[in-house]
K.L.:
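Would you mind keeping the following structure in view while I ask a few things?
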Amino acid sequence: MPPTITAFESSPDRGKGQARDMRVRWALEEVGQPYDVRLVSFQAMKEPAHLALHPFGQIPTYEHGDLALFESGAIVLHIAERHAGLLPTEPHARARAIAWMFAALSTLEPPIVELGMAMLFERDKSWYAERLPMLQDRVRVRLGELARRLGDADWLDGAFSAGDLMMVTVLRRLNASGMLDEYPDIAVYVARGEARPAFRRAFDAQLAVFTGARLAP
């Protein structure tokens, strides 16, 4: 039996690859693992059956046999540990790849999400114009640090890993902001991740939920 993941029945981004099930889909595609998807509504996510899988009423979740997981990072790490292709075999390189996963989720994603939420939900507030530059600067600090470390390398630490998968999905949240254009090496890095065949398959699968089409992001 393949694992089952949950995804939005109706995603706010309409299948642009921002919902966090994208990370899990991509990981499963990279390792060649078939999977099933159960779509859930916003109402269903707050009901007991789903809360038993995800105590915070979100997606994605992952079920395989008697194992149930929540949180996209934990799910991707589990997949990477079970299947070859997302973590190096050399112990130190493996540890560094996992560190980059944590960096994506703990260091890069919080200011990026805070900026995105402000742009979506706070535009009508009297203090929005004053607060926005501060939020943008917080993101720029992290992007500058990442750009200095990445340089013109293809990936964060040698070969592509789960660290890159997680980092690319986090950085893609900035696509609509135009901020990635300020950091050409990072923009090329994100595009390199998006060009991977496994990413394309995952993106098309997520998009098809909403449009039935197979289009570029």
Side-chain angles (χ1 to χ4, degrees), residues 1-6 17 19-35 53-56 58-113 139 141-174 180 183 185-203:
M1 291 286 291
T4 298
I5 67 171
T6 51
R20 289 180 174 89
D21 64 289
M22 178 65 191
R23 303 165 180 180
V24 179
R25 292 175 186 267
W26 186 6
L28 290 165
E29 293 287 354
E30 285 284 352
V31 302
Q33 170 65 56
Y35 61 98
L53 298 173
H54 198 310
F56 304 106
Q58 299 175 326
I59 59 98
T61 61
Y62 171 100
E63 297 168 81
H64 196 197
D66 58 358
L67 174 66
L69 292 174
F70 65 98
E71 288 297 328
S72 61
I75 297 168
V76 170
L77 180 58
H78 173 73
I79 293 166
E81 289 180 329
R82 282 175 50 86
H83 303 280
L86 284 174
L87 288 176
T89 56
E90 196 279 318
H92 288 181
R94 189 182 187 93
R96 290 194 299 270
I98 294 171
W100 278 115
M101 292 181 67
F102 278 81
L105 296 176
S106 299
T107 303
L108 272 295
E109 189 166 43
I112 290 173
V113 168
V139 173
V141 167
R142 293 308 187 197
L143 291 178
E145 292 164 342
L146 179 64
R148 286 192 292 273
R149 178 59 180 264
L150 178 65
D152 61 357
D154 285 352
W155 306 114
L156 292 168
D157 192 78
F160 176 83
S161 76
D164 295 293
L165 184 153
M166 203 60 73
M167 188 67 75
V168 168
T169 59
V170 167
L171 293 170
R172 291 186 76 252
R173 290 182 167 275
L174 293 170
L180 291 182
Y183 304 87
D185 287 338
I186 294 180
V188 170
Y189 168 72
V190 171
R192 186 177 297 116
E194 292 174 332
R196 291 181 69 84
F199 177 93
R200 303 306 315 169
R201 293 192 297 271
F203 184 91

K.L.:
Checking salt bridge (charged side-chain N to carboxylate O under 4.0 Å, His left out) against E109, which of R142, R20, R172 comes through?
P.N.:
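Looking at R142, R20, R172, the match for E109 under the salt bridge (charged side-chain N to carboxylate O under 4.0 Å, His left out) is R20.
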K.L.:
Show your reasoning for whether side chain to side chain contact (heavy atoms under 4.5 Å, CB included) applies to H83 and L28.
P.N.:
CA-CA 9 Å; H83 303 280; L28 290 165; 5.7 Å; no
K.L.:
With side chain to side chain contact (heavy atoms under 4.5 Å, CB included) as the test, would you mind laying out the steps for Y189 and L171 before giving the verdict?
P.N.:
CA-CA 10 Å; Y189 168 72; L171 293 170; 3.9 Å; yes
K.L.:
Could you give the distance from CZ (R94) to CG (D157), rounded to the nearest 0.5 Å?
P.N.:
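R94 CZ to D157 CG: 13.5 Å, rounded to 0.5 Å.
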K.L.:
Heavy atoms only: give me the nearest V139-P111 pair and the separation to one decimal.
P.N.:
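That would be CG2-O, 3.5 Å.
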K.L.:
Can you check whether Y183 reaches L146 side chain to side chain, under 4.5 Å on heavy atoms?
P.N.:
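Not in contact.
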K.L.:
Answer whether the closest heavy-atom distance between the side chains of L86 and F160 falls below 4.5 Å.
P.N.:
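Of all side-chain heavy-atom pairs linking F160 with L86, at least one is under 4.5 Å.
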K.L.:
Would the distance check show the side chain of E90 and the main-chain N or O of A93 forming a donor-acceptor pair, the cut-off being under 3.5 Å?
P.N.:
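Such a contact is found between E90 side chain and A93 backbone.
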K.L.:
Backbone N or O of T61 within a donor-acceptor pair of the T6 side chain at under 3.5 Å?
P.N.:
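Looks like yes, one N/O pair under 3.5 Å.
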K.L.:
Please report the interatomic distance CG(L156) to CE(M167), rounded to the nearest 0.5 Å.
P.N.:
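L156 atom CG to M167 atom CE measures 5.5 Å (nearest 0.5 Å).
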K.L.:
Roughly how far apart are L150 CG and L143 CG, rounded to 0.5 Å?
P.N.:
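Spacing of CG (L150) from CG (L143) equals 11.5 Å.
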K.L.:
So which heavy atom on Q33 is nearest to which on P3, and how close?
P.N.:
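Here Q33 and P3 meet closest at NE2-CD, 3.4 Å.
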K.L.:
Could you check if a side-chain atom of L87 sits within less than 4.5 angstrom of a side-chain atom of L77, using non-hydrogen atoms only?
P.N.:
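Of all side-chain heavy-atom pairs linking L77 with L87, at least one is under 4.5 Å.
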K.L.:
So, for G73 and M101, which heavy atoms are closest and what is the spacing to 0.1 Å?
P.N.:
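Result for this residue pair: O-CE, 3.7 Å.
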K.L.:
How close do M1 and H64 get, counting heavy atoms only, and between which atoms?
P.N.:
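Between these two residues, the closest heavy atoms are O-NE2, 2.9 Å.
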K.L.:
Once rounded to the nearest 0.5 Å, what's the spacing between atom CG of L108 and atom CD1 of I186?
P.N.:
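That separation rounds to 8.0 Å.
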K.L.:
Nearest 0.5 Å, what's the NE2-CG distance between H78 and L69?
P.N.:
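It is 5.5 Å, given to the nearest 0.5 Å.
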K.L.:
Looking only at non-hydrogen atoms, find the nearest pair between A68 and L53 and report the distance.
P.N.:
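Here A68 and L53 meet closest at CB-CD2, 3.8 Å.
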K.L.:
Check the angle between the aromatic planes of F70 and H54 and answer parallel, tilted or perpendicular using the 30° and 60° thresholds.
P.N.:
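Plane angle between 30° and 60°, so tilted.
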K.L.:
Evaluate side chain to side chain contact (heavy atoms under 4.5 Å, CB included) for Y35 paired with V24, printing each intermediate quantity in order.
P.N.:
CA-CA 10 Å; Y35 61 98; V24 179; over 6 Å; no
K.L.:
For residues L67 and Y62, determine if any side-chain heavy atom of one lies less than 4.5 Å from a side-chain heavy atom of the other.
P.N.:
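Side chain of L67 against side chain of Y62, heavy atoms only: contact under 4.5 Å found.
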K.L.:
Could you check D152, D154, D164 and say which one makes a salt bridge (charged side-chain N to carboxylate O under 4.0 Å, His left out) with R192?
P.N.:
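For R192, the salt bridge (charged side-chain N to carboxylate O under 4.0 Å, His left out) check succeeds only for D154.
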K.L.:
Say you draw a straight line from CZ of R25 to CZ of F203; how long is it, rounded to the nearest 0.5 Å?
P.N.:
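Output value for this atom pair is 11.0 Å.
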K.L.:
Does the side chain of M22 come within less than 4.5 Å of F199's, by heavy atoms?
P.N.:
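F199 vs M22: side chains touch.
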